[in-house]
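First comes the structure, then the notes that go with it.
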Amino acid sequence: MIVTDLKHIDRQASMTPAMRRAIDFLRRPDIHQLADGRVEIDGDRVFAIVQRYETLTTGGPKFEYHRKYMDVQCIVSGQEIIGWAPVELMTATGAYDADKDICFGTVAAEKWTLVKLRAGQVAVLWPEDGHAPRLAAGAASPVVKIVVKVAV
């Protein structure tokens, strides 16, 4: 997992052609005007999901991981906590869904790390990174986030 400001990501993540397309997309000047939903960047190799939601203050964190894609999660506005743990610490609560490339699970409270992301920051999460997004950083608040999926 890498956590940094979007302006510093070039020095911290390997800039493969697919990753370069993802980062260039996140730096678009119209990023705040994008409608919710999927945005094509490079077919199924690189695409974005624009999301607007309220962060969660109740319930335990719902961890997930992916096998086919890495996530480049960018907070456009607001802030949130993402729980992080190595995927081998996750206990799956269901079967891996290959069509949606997702498996959900739990991680014991003492074994995961809180990561706070603010507007302009990104988290790069590989298939080895279990993560629980959408957690409130204090009170529930609105967030605009773009998750760019990059095929691995």
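Side-chain atoms are counted along with the backbone in the values below, which use heavy atoms only and exclude waters and symmetry mates.
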| Would you call Arg38 and Glu40 a salt bridge, using N to O less than 4.0 angstrom? | yes

| Thr55 side chain to Ser141 backbone, donor-acceptor under 3.5 Å | yes

| message | Assigning hydrophobic clusters by single linkage (Ile, Leu, Val, Met, Phe, Trp, Tyr; side-chain heavy-atom cutoff under 4.5 Å), is Leu135 placed with Met90? | response | yes

| query | Do the charged groups of Arg27 and Asp10 touch, with an N to O distance under 4.0 Å? | reply | yes

| Sole residue of Lys68, His66, Met70 in side-chain contact (heavy atoms from CB on, under 4.5 Å) with Lys149 | His66

| request: Of all the heavy-atom pairs spanning Ala13 and Met19, show the shortest one and how long it is. | output: CB-CE, 4.2 Å

| Evaluation steps, side chain to side chain contact (heavy atoms under 4.5 Å, CB included), between Val144 and His32 | CA-CA 8 Å; Val144 177; His32 292 278; over 6 Å; no

| task | To the nearest 0.5 angstrom, please state how far the CD1 atom of Ile102 sits from the OH atom of Tyr65. | result | 10.5 Å

| request: Verify the cluster assignment for Leu117 and Tyr53: are they in a single hydrophobic cluster under the rule of side-chain heavy atoms below 4.5 Å apart? | output: yes

| field | Closest non-hydrogen atom pair between Gln79 and Ala137, with its separation | value | NE2-O, 3.9 Å

| request: For Ala123 and Ile82, work out which heavy atoms get closest and say how close. | output: CB-CD1, 4.4 Å

| request: Could you tell me the separation between the OG1 atom of Thr113 and the NE2 atom of His131, rounded to the nearest 0.5 Å? | output: 14.5 Å

| Nearest-0.5 Å distance that lies between atom OG in Ser77 and atom CZ in Arg118 | 14.5 Å

| request: Look up atom CD in Glu64 and atom CG in Leu125, then write down how far apart they are to the nearest 0.5 Å. | output: 9.0 Å

| said: Over 60° means perpendicular and under 30° means parallel, so tell me whether Phe63 and Trp112 are parallel, tilted or perpendicular. | reply: perpendicular

| note | Smallest heavy-atom separation, Gln73 atom then Pro133 atom, equals OE1-CB, 4.0 Å

| said: Would you say Leu6 ends up clustered with Ile31 if hydrophobic residues are merged whenever their side chains have heavy atoms under 4.5 Å apart, either directly or through other cluster members? | reply: yes

| Where Cys103 and Ala95 come nearest, the two heavy atoms and their spacing | SG-C, 4.3 Å

| said: Could you go through Tyr96 and Asp101, starting from their C-alpha distance and side-chain angles, then the distance that decides it, and tell me whether this counts as side chain to side chain contact (heavy atoms under 4.5 Å, CB included)? | reply: CA-CA 7 Å; Tyr96 170 74; Asp101 185 40; 2.6 Å; yes

| message | I'd like to know if Val46 and Val147 are part of one continuous hydrophobic network [Ile/Leu/Val/Met/Phe/Trp/Tyr, side-chain heavy atoms within less than 4.5 Å]. | response | no

| Quick one: CZ on Arg11 to CD1 on Ile2, what's the gap to the nearest 0.5 Å? | 12.5 Å

| said: How close do Val115 and Val3 get, counting heavy atoms only, and between which atoms? | reply: CG1-CG2, 3.6 Å

| query | Sub-3.5 Å donor-acceptor pair from the side chain of Asp24 to the main-chain atoms of Arg21, do we have one? | reply | no

| Arg28/Leu34 under side chain to side chain contact (heavy atoms under 4.5 Å, CB included): CA gap, chis, key distance, verdict | CA-CA 10 Å; Arg28 288 172 48 156; Leu34 294 173; 3.6 Å; yes

| message | Does atom NZ (Lys7) have a neighbourhood of more than 12 heavy atoms from anything else shown, all under 6.0 Å? | response | no

| task | With rounding to the nearest 0.5 Å, note down the distance linking OG1 in Thr4 to CD1 in Ile9. | result | 6.0 Å

| message | Would a single hydrophobic cluster contain both Met1 and Tyr69, if residues Ile, Leu, Val, Met, Phe, Trp and Tyr are joined by side-chain heavy-atom contacts under 4.5 Å? | response | no

| query | Do the side chain of Asp42 and the main chain of Arg45 share a donor and acceptor less than 3.5 angstrom apart? | reply | no

